[in-house]
Amino acid sequence: MLKPRVSASPQELRWLQAAEDFARRALPSRQGSGGAEPPPSPELAAVLGCLRGAGRGVLPLGYSFISISDLKSQQCMPCCSHLTWSTKEFKEWAHQGKGALPTHSSLPRAYLILVGYLTDGRQEDKEKLVDGCLYVKDNTGIIPCELLHFELEWLETLFLFPSWAYVPQADQGAAGYLEILLDPIPVNLLPKKVPESTAVIYPASAEPLLASRIPCKKRPKLNVAGELARRSPLLCIHRKTFFFLFLKCFTSAVSVPVMVQTPSQLAWHHTLQLGHRYTITGLSMSGLKKSGQRMFVTGVSSCLLPYSAEHVKEQSLDSAWQGESSVPASLGTTEQLSDSIELRVEEERLGSTKKSKMISYVGTITKVLNAQAGLYELDNKVCLCLAYQQLLNSARGLRPGACVELIDVHLIQKPVVSSPSIVLGACLNSTVTLKSFSRLSTPYQPPATSGNLYLQLLFRYNLDMPCYLWLVILLETFEERFSCFFGHQQLLRSSAHQNPGAAEKFLAPLLQAVVAGREETRDICNEILAKTHQCPLRKYSTLDPPCQIPSLSALRGLAEEKSWEGFCPSQLLSPVEAQHMGTQELNRRLAWSYCTLWAGSFQPRAIVQGVLRVSSRSSLLQLQDNSSSLPCVISHRDGSPFANTALVGSLLQVENYQLVVERFIQSDFPSWEQLANPEYVREKKSSVYVQFYFEDIQVLRAAEGQIQKERRGENSTSLRKRNNGTSASELETPEAKILKLEDPKPDPDREERCQKGPSSTGRTSCVSQLFLVTQKEGLMLRNYQLPREGGGEGHELQNSFQATVLWLGRPLLWNHPREIGNLPALEEISCDGEEGVKQQEALLLFMGKSLRWFPFLHLDGLYRFIVPRCSAWNSHLACQGAASDLEVFDKLRFPAVPAEFWGRSSCPLCLPVQDTWHLQHETWLSSPAERQLAAKVMLTGMDQKIASIPEILSTSFRGSLVSFSGEIVERILCASPKNEKPSVTLSLLKEKGSLLGSDHSVKLSISVASGSPAVLDVYIAATYTQHLWGLLPGAKILFQNLERKISRFHNVYCTYIASSCVTILSLPASHLVLPSSPAGKASSPSLVFLSNLQLHLQNLPQARILCHLSCVLTLSLQWVCSLCSSIFKEGKCTRHSPPCPSHTGVRQASARVLVEDGTGEALVLCRNQHVAAMLGLSLPDWEAVQSCVQSRGRVSVQYGEAPGMGCVEDPEDPVACYLRSLCRSPLICRPILLDFSLDRKPSKILQPAPLQLRNFRSGEVEFVSQTGPRQSLLCLNVEEVEQKSLCYLTRERIGRMPRHCQEGATA
């Protein structure tokens, strides 16, 4: 027990007792003999003496001792302790530290006394690699420390630290380090060393010795004295820590390298200061095997001494050192000169490559940009990169507010377009010295010592500064976007010791492409020892990144911006058609358009990344990141629907995609002439989604609980391989496969595929049920009344869909989802139940969270429900063994029909799908394999047929609900039929945010393939389209359960109803940007005869004839009001009751002409621009006629066989006289090439009639032909026929002429 002063106060006594307890626990002590109380520690007495000396004879009773272990475990916040400072001194010190960063708080003051030994960590853990760092230790523990000033004599000495700061790591679970703010006070006096006289040589004499060929064993040890010119950072390669220093002559620039690798000498690194003079003893020479470079190496007996001219003498080299130089000096000079010549030539050849400047800089760290990447901000303007140095001290001391001195760092200006403009890069020849510690309470963020993906990729690909900064940008963005889904460790996992993480999978191909042709490895020692400075930072060129990976929110913004930048209403419509449209039709046609973008549409090209999810509200597939979600449409290149449920939750990357921006505007354009004026656009909205093929997906990380291979790989196809030969993913897509006749067998390698539900017993067993989808209906609001837990029934409309399926076999109970076996043999499941296998049709109702399975459920798909045992049905069932579990599907039947009908075989099982059930796609039953098709027909009892478009258009077709597939060739927004009232469902959909009005419909023109003449129109209420994505021209679509209708004009069309469903089978071609015309306009229609039209009324909705224009029967030109369609005359509308405010007129023209082709005659109705073509008027002449008509409002002409056609003709009007003479002119009667469609008005539908003989005259030659009644045609296009074309088409027509026509012509 320490003897206190006689006048000691109780406070002092308590303080001394606490000091003694601390010393007994934390400081070395001596054991008392015979179990007696140990004597007082002499170290404690010395410590108290130091404290009294620092406090001018007064003990710091306001301070308490703290051990290393208590400091690490109890102190969670940064703090500092200043033993000898007053409160005023501390406040001044703290205030000065906030100058650079006024927004940060100062280090809080703690009244703690720290006592410990300074050590380099060699004796603490012999297994641990000595890293050259300094530590403070006591009996309770050890902690790293950083000092601004260090002497070698301080090692293993007990110190009192009067001023220090403790900085814990940002991670609260990890310990921090100490910053020694002032020199420590030795508890005991340090022994003074008496300098001895030392014989030395200087670098000028030592340099030639490195080239000597004398064997090393015969050489004595050398002592070299010189000025420290350069010091490399501490390096650790192959578990060996070392560093280099360079001593130069006092009077010249000659220097020699010295390698220090002895563990006891690594602490030299902390005491060496540039510009100071030192003497190093006991040096030997060594060389590198790879490069042959030679250097001096310290030995175990080597010492580092301060140079003193009074205690050294120059050593004379004896004969043992007198050897021939292996490389003459003149040759070395020649090599240097040659190197400089080669460098100049290389610079001239590269042109854009710049050489970085070497500078020195002193600055304050204002921000840690990325500690893992070694990036810091200095003085709020300069970026410091330390990644090219190994920070073996874990960047301790590099906190915001600390001052650093940089010597020989590389100044790089604008390395990357999107990076800071000035970057200082520290290479292995640079010196980074901490000049002062931070006085701010800023956290410590140490870089990872192992598994640091930033540094591993940097050294693996030998990146220069621009490429490395680009890598950092990509990794930071990637981590920010997806760490909330998978965690930091999983994303940035390195492939050094295990499979690569998602980030490395994503970055490796990009870096390989960027660094192609560079040196693969980095020679560390050559960078340090080479006379000509060589490092990755020496040269650089500003990098324009080859690609970008924007967040989904940013991608959406870029797409919308680019879409609206190129938006021009006049380009959406043909000027020829737009000038004849009224205001309502014009604005409706402009209300909905789209723009398609690709990766190359952005500069640089954009790569899409996201986690695949399904929205339970909209049932849309979505890509998600932390910023937003983006709807997506996925298809297969072979035309099969996307059904891979294993991809849900996986991180995907797609480089080949189509980004679609659907644009919605509300406008008030009076006419087509104002389309260039944006003032008439009242509102703009847009929706963005992305569509791509499954084969273009690269899975960066599979979902938790999912495997990367399907259970059966014998008939599945892996994703396409990338150009670099690496597989894009190991996920496989199940194709149609022939099912083997074998019993289900467990697969032990299968990983869990279903979600683990809550279970009181903790069991992971599950029940599975196999089923075949025979029908699927669309997603919409339905009046389902579900039973509620609290009793009663719900009467709200439920967003839902339903599917008719066929149960295959009985439910099966599995101990674990991974044991689910292979598919049963469908051939063994007979309809009559000989095997005792249960078969039943079921109606599955999907609502709530189960709506997520809507994009995956498709016709002819074989699926499996996986139901966690005792989880999904606990509210309905009690877990009473396996029998109860297997009855889950029967006991959850939805009461859609009375209970007395349940037992009948014709009654389907109505089953609501629970939220926790998992859906798994197995295969398709639509393969061409005969056995499999036979099994399908046997199971379903029918051969479900997808009708073709020509069959649906045929008059003999009798079905009311049709399913077919085809390609969209045109998409038009049109007015809803006036006789159809909007349903309640449509009104609710409108309230929930549909971007199109309920009074609109979408008209899709569908053909079998591009260029096919058969076109079927499909009408979809616009409010339904919020659930339908990908309806673009060029896309191949499967329509199911559409209602087939026949109009009053006998046109066949289809409408989308409540039971309808749409599936995207194939995406539009990459070159298709804007909506195309119908297929009949995309290619030249087939050439036919008028006599053959009755035989092809349905199969040829569009055709072409080579005919002769006989005469113009009627002609009508008028101007109508763009709002009310009344006659527009002299610049105003003629409607008076009520008056129309419109001042915009639209010109319209119509004509009915008679044509014949030698086999028959036809009446052709022409409109607008086709009238001018029929009359043979040029554009200026036609415009002049229209201008004349504008002042009259309307001009009509009738001729020949047109009495009673409703034309009112003014015989005195000069315009009418001109048109009448034009119609009667023989110049009108000429051969033309006419594209047409049938005019399907009720009065013009011709009934079959017998053929009649008629005479046709061409000049002096008269022909006789059998003709039918005149057809009514609509003109689609008129082309003049040149003489050569006329001869060619005539010969072709005669060659194809029916036989009876040829006989009539020769008669």
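For the single chain, residues carry numbers from 1 onward in sequence order.
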*Asks:* Of Arg230, Gln389, His410, which meets side-chain hydrogen bond (donor to acceptor under 3.5 Å, both in side chains) against Asn429?
*Replies:*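 It is Arg230, the one option of Arg230, Gln389, His410 that forms the side-chain hydrogen bond (donor to acceptor under 3.5 Å, both in side chains) with Asn429.
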*Asks:* So, do Leu148 and Leu182 sit near enough that their side-chain heavy atoms are less than 4.5 Å apart?
*Replies:*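 Of all side-chain heavy-atom pairs linking Leu182 with Leu148, none is under 4.5 Å.
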*Asks:* Partners of Tyr540 by ring-ring contact (aromatic ring centres under 6.0 Å, His included), sequence neighbours excluded?
*Replies:* none
*Asks:* Arg538 vs Glu527, test: salt bridge (Lys or Arg N to Asp or Glu O under 4.0 Å). Steps then yes/no.
*Replies:* CA-CA 11 Å; Arg538 185 171 59 92; Glu527 289 185 23; over 6 Å; no
*Asks:* Heavy atoms, side chains only, cut-off 4.5 Å: are Thr366 and Leu378 in contact?
*Replies:*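 Counting from C-beta outward, Thr366 and Leu378 never come under 4.5 Å.
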*Asks:* Do the non-hydrogen side-chain atoms of Asp120 and Leu266 ever get within less than 4.5 Å of each other?
*Replies:*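 No, too far: nothing below the 4.5 Å cut-off.
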*Asks:* For Tyr117, which residues count as a side-chain hydrogen bond (donor to acceptor under 3.5 Å, both in side chains) partner, sequence neighbours excluded?
*Replies:*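 None.
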*Asks:* Only one of Leu107, Leu440, Thr442 passes side-chain contact (heavy atoms from CB on, under 4.5 Å) with Pro78; say which it is.
*Replies:*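 With Pro78 as partner, Leu107, Leu440, Thr442 yield a single side-chain contact (heavy atoms from CB on, under 4.5 Å), made by Leu107.
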*Asks:* Could you tell me whether Glu207 and Lys248 have a side-chain N and a carboxylate O separated by less than 4.0 Å?
*Replies:*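 Answer for the salt bridge query: no.
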*Asks:* Would you please name every residue forming a ring-ring contact (aromatic ring centres under 6.0 Å, His included) with His276, sequence neighbours left out?
*Replies:* none
*Asks:* Any side-chain heavy atom of Phe243 sitting closer than 4.5 Å to one from Leu235?
*Replies:*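 A side-chain contact under 4.5 Å is absent here.
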*Asks:* Which residue pairs pass the salt bridge (Lys or Arg N to Asp or Glu O under 4.0 Å) test when at least one of the two sits in residues 378-407, sequence neighbours left out?
*Replies:*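 Checked against salt bridge (Lys or Arg N to Asp or Glu O under 4.0 Å) - neighbours excluded - the pairs reaching residues 378-407 are Glu146-Arg396, Glu179-Arg399, Glu405-Lys435.
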*Asks:* Please list every donor-acceptor pair under 3.5 Å in which a side-chain atom of residues 296-310 meets a protein atom from a residue at least two apart or in another chain.
*Replies:*
| unit_1 | atom_1 | unit_2 | atom_2 | d |
| --- | --- | --- | --- | --- |
| Thr298 | OG1 | Gln265 | OE1 | 2.7 |
| Ser302 | OG | Thr281 | O | 2.9 |
| Ser302 | OG | Gly282 | O | 2.8 |
| Ser302 | OG | Gly299 | N | 2.7 |
| Ser302 | OG | Gly299 | O | 3.3 |
| Tyr307 | OH | Tyr202 | OH | 3.1 |
| Ser308 | OG | Glu310 | OE1 | 2.8 |
| Ser308 | OG | His311 | ND1 | 3.1 |

*Asks:* Holding to ring-ring contact (aromatic ring centres under 6.0 Å, His included), I want the full list of residues that pass it with His104, two or more places apart in sequence or in another chain.
*Replies:* none
